[in-house]
Amino acid sequence: MTEKSRKQAVLVLTLRIISISACALAVYEIVPTLGIVEEFEGEHPTGAVDSVVVYAINPETILASIGSDETELFMPLPSETETDTSQWLAKSYYWNDKEFMKVANALHQFVWNESLEKWSLYKAHYRIFQCQDESSRFEAADFIYFRRYDNYYLVHTIWINPFNGEVGTGYTNYEYTGKRKAIDFDKADIKNASAALKLSEDNGGRDAQLKDINGCSVDISLAPYAFKHNFLPIPFSRTDWGWHAVYTNDNSEIIFEIVIDPYTGRYKTAN
């Protein structure tokens, strides 16, 4: 088994166990960072923990099938945690962020009978298990959305794993505080993960990959963070949004890290 396959197998099995036991949905845990950013705790939820359900998909056909008459896009999986992993590792699927969002919206419609149109994004996270020349496609993703209902927030979590043919959902709610703000994509310069990844690659990420012989994986996320560096004209406050990319080698060592202001495209690297 290759190092990439081993990492995928461990990650998938971990996600299956978390999902089936309905534990905290910490999908694709982002690796420890060098201290540029820290995510909020307490004021903002980090995921959904209730009613977790895992569904099977056909990664070969689902993108073309969405919007067609196909009625079995998402099939609930049995609760067994012992599954033949050979099917998970047969092939990697590289989708762009629009394709992941297409599946996320279809899954949300299937589970909750409504699109994501009226929901606000709280966090988007994309992962590349093996760095590649194609810098606009990803191998897995997860999303957290929220919506206000009277005195509480309803939170929906979605994760998508094409390489093992699985997607999942969960939900929870939190007391309304008035502190959670949605990103204004109309005002953003870096609107999607592909653009953020390209900026990362052009400003140190690609060089870091070429210099390190121990392999490379990438996590890139959009979320509100507490930024510790005053690299913008006006320092980030506790309600500011940012893209955060972390490149890690196969020894779990961070080889490159960058944060990006989505509104201006200004950035700061840790290297």
Side-chain angles (χ1 to χ4, degrees), residues 14-33 35-55 74 76 100-101 103-127 140-160 167-188 191 193 219-228 234-244 259 261-263:
T14 301
L15 287 174
R16 290 277 287 155
I17 295 172
I18 289 174
S19 303
I20 294 167
S21 61
C23 294
L25 193 58
V27 288
Y28 303 113
E29 187 77 21
I30 294 205
V31 294
T33 69
I36 289 184
V37 300
E38 58 182 13
E39 203 166 353
F40 298 146
E41 295 181 0
E43 296 179 0
H44 301 263
T46 56
V49 298
D50 302 322
S51 298
V52 176
V53 181
V54 183
Y55 301 89
F74 308 105
F100 275 104
M101 288 301 303
V103 175
N105 191 66
L107 179 59
H108 195 274
Q109 182 75 50
F110 173 78
V111 175
W112 290 292
N113 296 314
E114 62 175 321
S115 72
L116 287 167
E117 182 179 0
K118 296 182 179 180
W119 288 74
S120 298
L121 179 69
Y122 174 72
K123 183 175 183 178
H125 171 223
Y126 297 85
R127 184 167 176 85
D142 55 86
F143 307 94
I144 301 174
Y145 284 88
F146 71 93
R147 187 174 179 181
R148 180 187 174 185
Y149 287 89
D150 296 326
N151 62 344
Y152 69 94
Y153 295 112
L154 184 60
V155 178
H156 287 174
T157 297
I158 294 171
W159 78 93
I160 304 168
V167 297
T169 63
Y171 74 87
T172 191
N173 59 72
Y174 291 83
E175 180 182 358
Y176 174 72
T177 63
K179 296 180 180 180
R180 189 179 311 169
K181 307 296 182 182
I183 186 171
D184 189 344
F185 282 106
D186 291 335
K187 296 180 179 179
K191 299 179 183 291
D219 289 276
I220 184 164
S221 58
L222 175 67
Y225 291 105
F227 285 76
K228 295 183 177 180
I234 301 177
F236 276 137
S237 70
R238 288 188 60 80
T239 58
D240 282 313
W241 285 78
W243 288 102
H244 181 208
V259 289
D261 177 6
Y263 292 110

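All of these numbers come straight from a predicted model, not from anything done at the bench. Along the sequence shown, residues are numbered consecutively beginning with 1.
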Do the ring planes of Trp112 and His156 sit parallel (below 30°), tilted (30 to 60°) or perpendicular (above 60°)?
-> parallel

If you take all heavy atoms of His108 and Glu114, which pair is closest and at what distance?
-> ND1-O, 2.8 Å

Exam field: side chain Tyr263 to backbone Asp184, donor-acceptor pair closer than 3.5 Å = yes

Is there a donor-acceptor contact under 3.5 Å from the side chain of Lys123 to the main chain of Ala223?
-> no

Rounded distance (nearest 0.5 Å) linking atom CZ of Arg148 with atom CG of Asn173 = 14.0 Å

Check Tyr145 against Met101 and note the closest heavy-atom contact, atom names and distance.
-> OH-CE, 2.8 Å

Rounded distance [0.5 Å steps], OG1 in Thr172 versus OH in Tyr152 | 11.0 Å

With rounding to the nearest 0.5 Å, note down the distance linking CD1 in Ile160 to CZ in Phe143.
-> 5.0 Å

Is there a ring pair (Phe, Tyr, Trp, His ring centres under 6.0 Å) between Tyr55 and Phe110 once you walk through the steps?
-> CA-CA 11 Å; Tyr55 301 89; Phe110 173 78; 5.6 Å; yes

The reported gap from NE2 in His125 to CG in Asp142 (rounded to nearest 0.5 angstrom) is 6.0 Å

Trp159 to Val53 - nearest heavy-atom pair and separation = CH2-O, 4.4 Å

Heavy-atom closest contact (Leu154 atom, Tyr171 atom, distance) = CD1-CD1, 4.4 Å

Separation of Ile220 CD1 from Tyr126 OH (nearest 0.5 Å) | 9.5 Å

Aromatic ring centroids of Tyr153 and Tyr176 under 6.0 Å?
-> yes

Looking only at non-hydrogen atoms, find the nearest pair between Ile158 and Thr169 and report the distance.
-> CG1-CG2, 4.3 Å

Residue pair Ser115 / Gln109: nearest heavy atoms and the distance that separates them | N-OE1, 3.1 Å

Drop me the distance from Ile183's CD1 to Phe185's CZ, to the nearest 0.5 angstrom.
-> 4.5 Å

